[in-house]
2 protein chains.
Amino acid sequence: MNKILLIEDNQDVRENTADILELENYTVITAENGKIGVEKALKHAPDLILCDIMMPELDGFGVFESLSKNHKTASIPFIFLTAKSEKTDVRKGMNIGVDDYLTKPFEEDELLDAIACRIKKSDFLKKEFSKNIEGISEFINEASDYLKLEELSNDRNLEKYKTKEYIFTEGTAAHQLYFIQSGNVKTYRTTESGKEFVTGLYGPGDFIGQLSLLGDKGLYVETASVLEDAEICGIPKADFTKLLYGNKEVSNKFIDIISNNLIDMQEHLVDMAYSTVRKRTAKALLELDHKGLIKDSKHTGISIPREDFAGLIGTATETAIRMLTEFKHEGLIDVETNRRLVILDKERLKQISEFG
Amino acid sequence: MNKILLIEDNQDVRENTADILELENYTVITAENGKIGVEKALKHAPDLILCDIMMPELDGFGVFESLSKNHKTASIPFIFLTAKSEKTDVRKGMNIGVDDYLTKPFEEDELLDAIACRIKKSDFLKKEFSKNIEGISEFINEASDYLKLEELSNDRNLEKYKTKEYIFTEGTAAHQLYFIQSGNVKTYRTTESGKEFVTGLYGPGDFIGQLSLLGDKGLYVETASVLEDAEICGIPKADFTKLLYGNKEVSNKFIDIISNNLIDMQEHLVDMAYSTVRKRTAKALLELDHKGLIKDSKHTGISIPREDFAGLIGTATETAIRMLTEFKHEGLIDVETNRRLVILDKERLKQISEFG
DNA sequence: CGTGTATTTGAAAGGGTTCAAAGCGGGTGG
DNA sequence: CCACCCGCTTTGAACCCTTTCAAATACACG
């Protein structure tokens, strides 16, 4: 169960509060002043801290300040207990980044609600999302769940698309992001010379178009078209931005994800510049596999046109095909009747993707 | 001066408050109930809204809800006026995303402070930062200024680096970001084959290493080394994360910037895949110029080694040199004695960078 | 003023693209 | 149900851009 550190100088309040919390199955650690509180926080790494403001030795602000400095304790949810509605204290507290405050005397329910709420938020923050673009999809799902935003994907906007239909096109105004219920979708950018560079492949459960909604110009920066018949649900921009900007936890988490995206992209850029097509092909195959788009025991795999596969690697269609046949001859992959790919030797592919 | 919309049903309070605000030179628009308030908000697009919670026709929550729906009014700072410290109301308000609340009766100063603070925040949000990586530097500066974080660049960590010295290296633990006071710095990634891909060039006023601090692994993802003797000041990770995560305005703004970075990077990726070296060279030159690293009336320009310039384009040193001499013969650029570049025909370079 | 490093030029080799043509497969209509 | 046709895939060969290796030249620094 979750550990809570309670820092409070008044013995009555301290014991009373501890009792309430223990009845709810929290493990409670108590400290009778700020100094001891900081020590115990470092020692026990609690899941949440309740802290009085007015205390001898080191006051609440001091405790918070001190714990913020250590990265081990900086992210622990922090709730202030204020003696009475001391307006300036509360304001000061919120400004320096305390998560919540409770005015004494508080109701049992009030206390427990606040704690439960914070611990839930903290759990959300601790959750890891994969660093690839599709990590954003997991994230939006979790976040909308966490904020109970049923408005997202209200099912009222569900639409069916056929293969080769466009969902949105590069350069048009971005009003919606899209959630894929079923089917497969590719997003791509077209160059002046008419080549298509595939920026992503998406399947059920993925969101597409988020990035365009965040861009300066409010235009879609890529085109999305359907690879295999799909059911797709549009989500208004407003719902998305509300989700993203409206809540501190969500926006901070989003920064993490998108930062990792950026790092990922940098790596991709280096590959593009200096890796041979052979290496990039191996990488692309592994990536497809990782996304569950390659046929294996669990997945059906998608039937991806060679042209699109080439666009994913950033090479000509013929070259991509040559690489695939090369891999086939080496026994690394196999091609089924309807151009579906199967990976036979993942280890060797990894080797190629790293060392050539 | 700034326009403020005051929605309040009690005539005394309304007139009194309006007087205070007008004395401070704000333009005040008043509304006596929620419904009229919403109408006036849409019509006048005020810079800030003060709104009572308990009102006939449409209460404060309703007004807020309704204005959030329209993107014209959604980003206007919103302050609630609560009759008395109705705890649940306050909490509900903060949860749905109201910016602040004031408890009636309030002091003149309290009101004016809250308003000034919100308007300042709103100005910060409206500010545009350039979408390139260096936009992040502007942003950090503005943000630390806005939060009055003098701790950042406290001058206590100022260090001198000589040409070719490393500031940090790829793969080591990231504890700090760095602020460049003077000199020039390059960041790059090294491939297995020993090539260097230059990920950025930075000058006075730029921050480097931010992205690494945000990455999952907490390692620097690139190496930074000095091009021309520099004075650099280290900023602890904690100060940066505090700045970034501690404040909703700042983190939301950061999302905008970094999203645009991502879009920018995508474009770069497409170029890498399908553009000729000639095109990419032209783009690199224009980018250097845009960053003020090329010699012109205002800037001294940097003396960039050809190897690094090649790393920026993602090509071999010899090829980069060949392109530069080609441009020189075409009269597009000139090379000064100490390998400093000068742009002679920017228009033509732009043409090349777009159409080849 | 010499020495070592960075830049520039030259020429050959290699990887990838492009153009052309042949194969394959799947859907459609008789 | 079969034949035909169209579009996608595959293979072949020539060409071109870029890299690589080699050598000459320029430049900066002690």
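Lettering of chains follows the sequences in order, A, B, ..., and the numbering in each one begins at 1.
- Looking at residues 309-319 of chain B, you'll see B:T315, B:A316, B:E318, B:T319 sit with a heavy atom under 4.0 Å from some atom of DNA chain D.
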Where do B:R189 and B:V221 land on the side-chain contact (heavy atoms from CB on, under 4.5 Å) test, with the steps shown first?
CA-CA 7 Å; B:R189 280 162 171 263; B:V221 294; 3.5 Å; yes

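- Contact check for A:L341 versus A:V335: side-chain heavy atoms found under the 4.5 Å cut-off.
- Position along DNA chain D of the nearest nucleotide to B:M323 versus A:R322 favours A:R322 as the more 5'-ward residue.
- Near DNA chain D, meaning a heavy atom under 4.0 Å from it, residues 269-282 of chain B has B:T276, B:V277 in order of number.
- With 3.5 Å as the limit, one finds a donor-acceptor pair spanning the side chains of A:R339 and A:S303.
- Under 3.5 Å, the side chains of B:S182 and B:E231 contain a donor-acceptor pair of N or O atoms.
- Between B:F168 and B:Y220, the ring planes lie parallel to each other; the angle is under 30°, not in the 30° to 60° tilted range.
- A:E192 and B:K279 are joined by a salt bridge, as a carboxylate oxygen and a charged side-chain nitrogen come within less than 4.0 angstrom of each other.
- Between the side chain of A:R280 and the main chain of A:S275, a donor-acceptor pair closer than 3.5 Å is present.
- Residues B:F207 and B:F179 bring their aromatic ring centres within 6.0 Å.
- A:F309 is listed as a side-chain neighbour of A:L285, based on a closest heavy-atom distance under 4.5 Å.
- Between the axis at the start and the axis at the end of the helix from C:dC1-D:dG30 to C:dG30-D:dC1 there is an angle of 40°, using five pairs per end and rounding to 10 degrees.
- For DNA chain C, the outermost nucleotides in 5' to 3' order that have an atom under 4.0 Å from a heavy atom of chain A are C:dG16 to C:dC19.
- Backbone-only engagement by B:R339 is indicated by non-hydrogen atom pairs under 4.0 Å involving sugar-phosphate atoms exclusively.
- Backbone-only contact: A:K195 has heavy atoms under 4.0 Å from sugar-phosphate atoms and none from a base.
- By the 4.5 Å heavy-atom criterion applied to side chains, B:L201 and B:N184 are not counted as neighbours.
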* Could you walk me through whether A:N260 and A:D264 pass the side-chain contact (heavy atoms from CB on, under 4.5 Å) check? -> CA-CA 6 Å; A:N260 280 303; A:D264 208 38; over 6 Å; no

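- In this structure, A:F327 and A:R278 have side chains that are in contact, with non-hydrogen atoms separated by less than 4.5 Å.
- The side chain to side chain contact (heavy atoms under 4.5 Å, CB included) search around A:E165 returns A:Y161, A:K162, not counting sequence neighbours.
- Nucleotides of DNA chain D that come within less than 4.0 Å of any heavy atom of chain B span, from the 5' end to the 3' end, D:dT18 to D:dA28.
- Residues A:Q351 and A:R348 meet the side-chain proximity criterion, which asks for heavy atoms closer than 4.5 Å.
- Under the 4.5 Å side-chain criterion, counting only non-hydrogen atoms from C-beta, A:I258 is in contact with A:L211.
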